[in-house]
Amino acid sequence: MTTTIRRAVIPAAGLGSRLLPLTKATPKEMLPVGDKPVIEHTVRELVASGITDITIVVSGGKSLIQDHFRPNPALVEQLRADGKQEYADAVEEIAELSRRGHITYLDQHGPYGNGTPVLNAARNFDNEPMLVLWPDDVFVAEVPRAQQLIRAYEATNCPVLALMPMRPEDSQRYGVPVVKEDLGDGLLRITGLVEKPKPADAPSAFAAIGGYVITPGIIDELREQTRRWYEHRTGEIYLTDAINAYAGSRAVYGQVIQGRWYDTGNPADYLVAQFAFALAHPEYGPVLRRLARDLEGHPGIDTNP
Ligand code: G1P
């Protein structure tokens, strides 16, 4: 029996429509947060958590992701020849990350819905559990979020969902777990997820935040959903439906993640993430804090008097 997790999937085929026009030419996964594109934060988190096989599921218009991680020896050579060692090292480090995480890319095929990229990637991962991380969350945590999920899997050998405490008024943005038992250290036994309930109907005060340990049993449920979709050609393939179908008769857990979570998938939260990372930067942070203080109550400079 497999006792740990080495494989991960990042579904990155979405249109990023909530961030248009920023995402008209730039994939949302490539927007910067701090000094790195969003997806590099996720890949670093996975590699730091011992993941050795990362599949990024893409669609047309996402080639910048591949360009970002692909080695570029000509650029490195040019930078070294120009004496720009620091930049050359930074470029090489990204390629090294891709090598360590053994990143491969897969075109998404199949019906609409967030279960489809997971099912696509599962074909490469014969019957092994895998991590699935949405591409628009960034975590700052002492123990990486991926590592926290892997530990919960190692303790339970069951599917695990990443959870965070949620404000009641946010329930309509997330899947909200039905909690059966609190096992301590943030590990919860859950019996399913209610998608985007009204605050009054929310079964708990946690949100599922787009990080999952998916086991072969859930892949079987996705396969079954997809088979039915091809029979009737209606509806969508959702991971939540597969998790709920599985949880009907088998154990599923939630792990409350320790750390700070930044959603980058919509303009307001994306700005918050950028601002927080800028303020935390060792060199620019103090400067920006000073600037923010100076700007407070400042009437602004009229450049068109
Ligand atoms: C999906 C999931 C939902 C989860 C959310 C987190 O919803 O279905 O359970 O809370 O991701 O980002 P979406 O935001 O894709 O509608």
Side-chain angles (χ1 to χ4, degrees), residues 8-20 23 27-29 31 33 38-39 41-42 45 57 59 108 110-121 130-139 141 145-146 148-149 159-179 188 190-199 201-214 218-219 221-222 225-226 229 235-247 252-257 259-270 272-273:
V9 182
I10 306 175
L15 293 175
S17 35
R18 281 180 301 177
L19 286 162
L20 280 167
T23 45
K28 71 173 176 178
E29 296 79 10
L31 295 177
V33 169
V38 175
I39 196 164
H41 288 282
T42 307
E45 175 187 347
V57 182
S59 55
Q108 180 162 320
Y112 185 83
N114 63 20
T116 291
V118 179
L119 189 55
N120 287 165
M130 60 194 189
L131 270 172
V132 176
L133 299 185
W134 287 169
D136 38 23
D137 295 320
V138 178
F139 278 82
R145 162 205 40 182
Q148 295 181 47
L149 285 171
V160 184
L161 277 57
L163 304 177
M164 289 288 271
M166 156 195 88
R167 295 180 304 179
E169 62 268 33
D170 286 339
S171 65
Q172 280 168 286
R173 297 172 63 188
Y174 300 110
V176 178
V178 185
V179 177
L188 307 174
I190 67 173
T191 56
L193 272 178
V194 179
E195 272 300 324
K196 312 196 172 88
K198 293 202 172 83
D201 300 330
S204 70
F206 295 102
I209 48 166
Y212 309 82
V213 175
I214 295 298
I218 292 190
I219 297 299
E221 295 293 348
L222 283 174
Q225 263 188 60
T226 307
W229 189 92
E236 294 165 7
I237 310 299
Y238 276 125
L239 202 47
T240 295
D241 293 337
I243 292 169
N244 281 339
Y246 180 93
V252 175
Y253 291 84
Q255 177 65 50
V256 182
I257 301 296
R260 274 185 176 275
W261 163 42
Y262 299 102
D263 182 358
T264 65
N266 64 76
D269 289 335
Y270 174 53
V272 169

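Every number for a ligand or one of its atoms is a count from 1 in the order of the listing.
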Residue and atom name of the nearest protein heavy atom (relative to atom 16 (O) of ligand 1), distance in Å to one decimal
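Result: K196 NZ, 2.7 Å.
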
Please write down residue, atom name and distance for the protein heavy atom closest to atom 15 (O) of ligand 1.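 Scanning the protein heavy atoms, the shortest distance from atom 15 (O) of ligand 1 goes to N114 ND2, 4.4 Å.
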
Looking only at distances, please establish whether an N/O atom of ligand 1 is found under 3.5 Å from an N/O atom of [X].
X: L193; value: no
X: D137; value: no
X: E195; value: yes

Between Y212 and V118, does the side-chain contact (heavy atoms from CB on, under 4.5 Å) criterion hold? Intermediate values first, please.
CA-CA 11 Å; Y212 309 82; V118 179; over 6 Å; no

Determine, using heavy atoms of A208 and all atoms of ligand 1, whether some pair is separated by less than 4.0 Å.
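The answer is yes: ligand 1 sits under 4.0 Å from a heavy atom of A208.
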
Measuring centre to centre across the rings, with the benzene-like ring taken for any Trp, is W134 within less than 6.0 Å of Y174?
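Ring centroids of W134 and Y174 are no less than 6.0 Å from each other.
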
>> Working to the nearest 0.5 angstrom, can you tell me the gap between I218 CD1 and L119 CG?
In response: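 That separation rounds to 12.5 Å.
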
Indicate yes or no for a side-chain donor-acceptor contact from D269 to the backbone of Y262 under 3.5 Å, with no hydrogens or angles considered.
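Here the side-chain-to-backbone pair does not exist.
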
Output yes when a side-chain donor or acceptor of T23 lies under 3.5 Å from a complementary backbone atom of G16, and no otherwise.
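Checking the backbone N and O of G16 against the side chain of T23, a donor-acceptor pair under 3.5 Å is found.
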
Give the single entry among F206, Y238, Y174, W134 that approaches atom 1 (C) of ligand 1 most closely by any heavy atom.
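When every heavy atom of F206, Y238, Y174, W134 is considered, W134 comes closest to atom 1 (C) of ligand 1.
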
| task | Using a strict cut-off of 4.0 Å, indicate which atoms of ligand 1 neighbour a heavy atom of G175. | result |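 It comes down to these atoms of ligand 1: 3 (C), 4 (C), 9 (O), 10 (O).
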
